[in-house]
Amino acid sequence: MSARPLPDGFEPYAWASTTQEIAARNGIPVAQVIRFDANVPPLPGVPQVPLGESFARLNEYPEGTYRELREAAAEYVGVEAAQVVPGAGADGLIGLAARAFLGPGRRACVSRPTYPLYAIASRIEGAEVIAEPAGADLVWICNPNNPTGELVDPDEIASLARSHPDAAVVVDEAYFEYGGASVVPLIRKTPNLIAIRTLSKAFGLAALRVGYAVASPEIARELDQRRDPAPIAEPAARIGAAALRNPRLDAEETVAERERMRHTLIAAGWDVAESYTNFVLVRTTEPIADPLEAQGLVVRRFPGAIRITVRLPAENDVILSALGATVEPASTRSALVRRTTAETALRVSLDLDGQGRARVATGVGFLDHLLTLFAFHGGLDLDLLAGGDLDVDEHHTVEDVLAALGDGVAEALDGRAGVTRYGSATVPMDEARATAAVDLVRRPHAEVALAFSGERVGGLAVTLLPHALERFAMQAGLTLHLDATGEDDHHVAEAAFKALGRALREACARDGAPTGSTKGVL
């Protein structure tokens with residue numbers, strides 16, 4: 001038995017090295033690696049549906065028509081639900097379009113440089129890949145384009161489609177939310193246009209593999225007949241539908257940060273293309289990717305260029321500085337703390353002006369849970385990665401993580417001008433209750449009283465938490481009064497971190513007025 005032969009010279013899609021592999025080959029801690037190469041947001045989107053309801057039916061197949069997802073996508077883009085075709089991310093829909101319109105003896109137009117999957121999917125179907133649209137059965141267009149970042153006027157694309165009425169013109173709009181221009185409104189009068197969208201980029205849901213195509217009702221039916229019976233898992237489809245119904249995006253902030261990065265690099269003498277995406281392309285023949293990676297700064301390599309994804313401002317400042325640029329302040333309050341000791345290695349990236357998103361991995365599961373709650377209730381974005389001597393115990397990891405988190409808060413606050421300064425919150429958690437009060441004065445002090453009845457909760461020694469929270473307050477340069485009581489130690493700890501997050505959020509809020517002290521210094 002043999003598989004259908006692939007074309008001569010065929011190369012499959014090549015995945016990037018893992019973070020662990022990059023750290024190992026450069027002899028650096030995993031926590032030092034920052035990925036600027038993936039074109040996804042630095043933090044995940046926050047699901048807006050109860051996950052338990054979806055996971056309670058894991059033994060059942062998804063509802064195959066994906067009615068809820070179709071209707072949500074249709075409302076988001078302004079078309080009828082019959083024009084929407086669900087798929088496993090943009091990649092799944094690229095494969096579906098190739099299956100529908102290509103085969104042996106057919107031709108696909110791919111203009112380079114662009115996303116390599118177009119040529120791969122075309123060749124898998126046995127089609128010839130050509131560089132010009134004349135004679136093509138399918139024309140692939142990435143708009144805005146990856147990796148160049150350029151944006152073509154949708155009217156130009158529609159004109160191209162009208163001049164080749166026998167070809168399907170598939171427009172990959174993965175970066176639409178950053179570019180703001182779409183062919184979707186032109187589909188009604190140009191029925192050979194097909195738009196592909198994804199929730200992997202601006203929505204921050206790449207791991208869910210949720211995408212959708214928008215086409216004329218006739219072409220949508222053709223695609224539907226050829227798609228897999230259930231390409232999207234039911235929990236992913238529900239999360240995707242909720243995200244489309246109530247988009248919580250920070251595309252404007254990303255665009256502003258992208259432009260700050262671009263202008264900073266240009267001022268430093270680099271050749272940086274104009275971009276309408278969440279990345280910048282630096283055109284250079286200098287071998288700079290390896291030296292950057294040796295510092296843990298991973299970029300995407302192309303012939304004559306590197307591509308840098310926009311991350312949190314403080315992280316972007318690190319790679320800008322590594323490229324010799326003079327960094328101008330960002331509009332948001334962010335910080336990056338990287339620390340390696342004999343016991344731990346960690347990285348804390350945070351943005352005080354965030355959306356409560358968190359990615360926390362310390363090796364101590366309950367600590368991860370508490371810090372995720374802290375970020376959510378504090379309204380800050382937090383990316384925290386740590387590795388330590390957990391084979392001994394969790395003491396060093398817990399203390400160092402909270403200390404570094406405090407350092408990050410202090411760095412993000414910078415001059416502290418114009419903040420509310422004071423914040424307080426009381427949080428009930430079933431039978432438990434916690435009260436927190438914060439003063440951002442630069443005379444740190446901490447009074448932490450957490451009433452635990454046992455020795456451990458969630459695999460964590462509870463005696464570590466009061467001391468670690470005190471370290472947080474000292475490093476953050478703030479006054480903290482925090483107490484929590486209850487019968488369930490889990491609830492006591494959760495309530496304490498929620499209350500701390502809410503009090504800090506209130507204290508850090510910008511009120512636009514100078515924040516002072518009767519002693520003359522904050």
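The chain is numbered in sequence order, starting from 1.
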Quick one: are [X] and [Y] in side-chain contact, heavy atoms under 4.5 Å?
X	Y	result
D271	V282	no
I94	I196	yes
F374	L500	yes
L96	V85	yes
L373	E494	yes
R505	H377	no
Q48	R248	yes
F497	T372	no

Within 6.0 Å of [atom1] in [X], more than 12 heavy atoms from elsewhere:
X	atom1	answer
Q20	CD	yes
Y276	OH	no
R226	CZ	yes

Closer than 3.5 angstrom, by distance alone: can the side chain of [X] be matched with the main-chain N or O of [Y] as a donor-acceptor pair?
X	Y	answer
W270	L323	yes
N316	V310	no
N278	N39	yes
R347	V33	yes
R70	P86	no
D351	L312	no
D381	R357	yes
R258	S275	yes
R245	A72	no
R300	A38	no

| request: Kindly write out the residues that satisfy ring pair (Phe, Tyr, Trp, His ring centres under 6.0 Å) with Y115, not counting sequence neighbours, or none if the list is empty. | output: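 So Y115 forms a ring pair (Phe, Tyr, Trp, His ring centres under 6.0 Å) with Y118.
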| query | What residues form a ring pair (Phe, Tyr, Trp, His ring centres under 6.0 Å) with F279, not counting sequence neighbours? | reply |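 Y175.
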Looking at [atom1] of [X] and [atom2] of [Y], how far apart are the two atoms once the value is rounded to the nearest 0.5 Å?
X	Y	atom1	atom2	result
L380	L382	CG	CG	6.0 Å
L244	E71	CG	CD	12.0 Å
T264	I319	OG1	CD1	13.0 Å
I194	L93	CD1	CG	10.0 Å
E173	I157	CD	CD1	7.5 Å
L413	L504	CG	CG	7.5 Å

| request: Apply salt bridge (charged side-chain N to carboxylate O under 4.0 Å, His left out) to the pair R25 and E21, showing each step before the final yes or no. | output: CA-CA 6 Å; R25 71 171 171 243; E21 290 169 340; 5.5 Å; no
| message | Under a plain distance cut-off of 3.5 Å, with no hydrogens placed, do S334 and T332 share a side-chain donor-acceptor pair? | response |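 Result is no, nothing qualifies.
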Identify, with sequence neighbours excluded, every residue that meets salt bridge (charged side-chain N to carboxylate O under 4.0 Å, His left out) alongside [X].
X	value
E128	R107
R311	E315, D383
D290	R301

| field | Residue pairs passing the ring-ring contact (aromatic ring centres under 6.0 Å, His included) test where at least one lies in residues 7-49, sequence neighbours excluded | value |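 Listed by first then second residue: Y13-W15.
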For a quick test of reading the model, state the closest non-hydrogen atom pair linking [X] to [Y] and the distance between them.
X	Y	value
A195	V183	CB-CG2, 3.9 Å
P154	L186	O-CD1, 3.4 Å
S122	L102	OG-CD1, 3.5 Å
A236	V210	O-CG2, 3.6 Å
G296	I28	CA-CD1, 3.6 Å
I120	P12	CD1-C, 3.8 Å

Return the set of residues passing side-chain hydrogen bond (donor to acceptor under 3.5 Å, both in side chains) with [X] (not counting sequence neighbours), or none when no residue passes.
X	answer
E411	none
E259	none
T148	N145, E150
S200	T198, R209

| query | What residues, two or more places apart in sequence or in another chain, satisfy side chain to side chain contact (heavy atoms under 4.5 Å, CB included) together with A322? | reply |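 Expected list: L292, Q295, L297.
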| Strictly under 6.0 Å, is that where the ring centroids of Y76 and F203 end up? |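 Aromatic pair counts; centres sit under 6.0 Å.
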| message | Go through it in stages, so that I can follow the logic: the residues are Y178 and T254, the test is side chain to side chain contact (heavy atoms under 4.5 Å, CB included), and I'd like the CA-CA distance, side-chain angles, deciding distance and then a yes or no. | response | CA-CA 8 Å; Y178 305 110; T254 300; 3.8 Å; yes
| task | Could you give me the CA-CA distance, side-chain angles and deciding distance for E63 and R57, then say whether salt bridge (charged side-chain N to carboxylate O under 4.0 Å, His left out) is met? | result | CA-CA 11 Å; E63 188 278 305; R57 298 194 297 273; over 6 Å; no
| request: Go through V110 and W140 one step at a time and tell me if the side chain to side chain contact (heavy atoms under 4.5 Å, CB included) criterion holds. | output: CA-CA 6 Å; V110 179; W140 297 105; 3.5 Å; yes
| field | Result of checking V409, D407, L405 against V348 for side chain to side chain contact (heavy atoms under 4.5 Å, CB included) | value |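 When V409, D407, L405 are each tested with V348, the side chain to side chain contact (heavy atoms under 4.5 Å, CB included) holds only for L405.
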| query | Do the numbers put R197 on top of the ring of F176, so that NZ or CZ is under 6.0 Å from the six-membered ring centre and no more than 45° off the axis? | reply |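 Yes, a cation-pi geometry holds between R197 and F176.
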| Can you list every salt bridge (Lys or Arg N to Asp or Glu O under 4.0 Å) pair that touches residues 27-45, not counting sequence neighbours? |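 As it turns out, the salt bridge (Lys or Arg N to Asp or Glu O under 4.0 Å) pairs with a partner in residues 27-45, which skip direct neighbours, are R35-D37.
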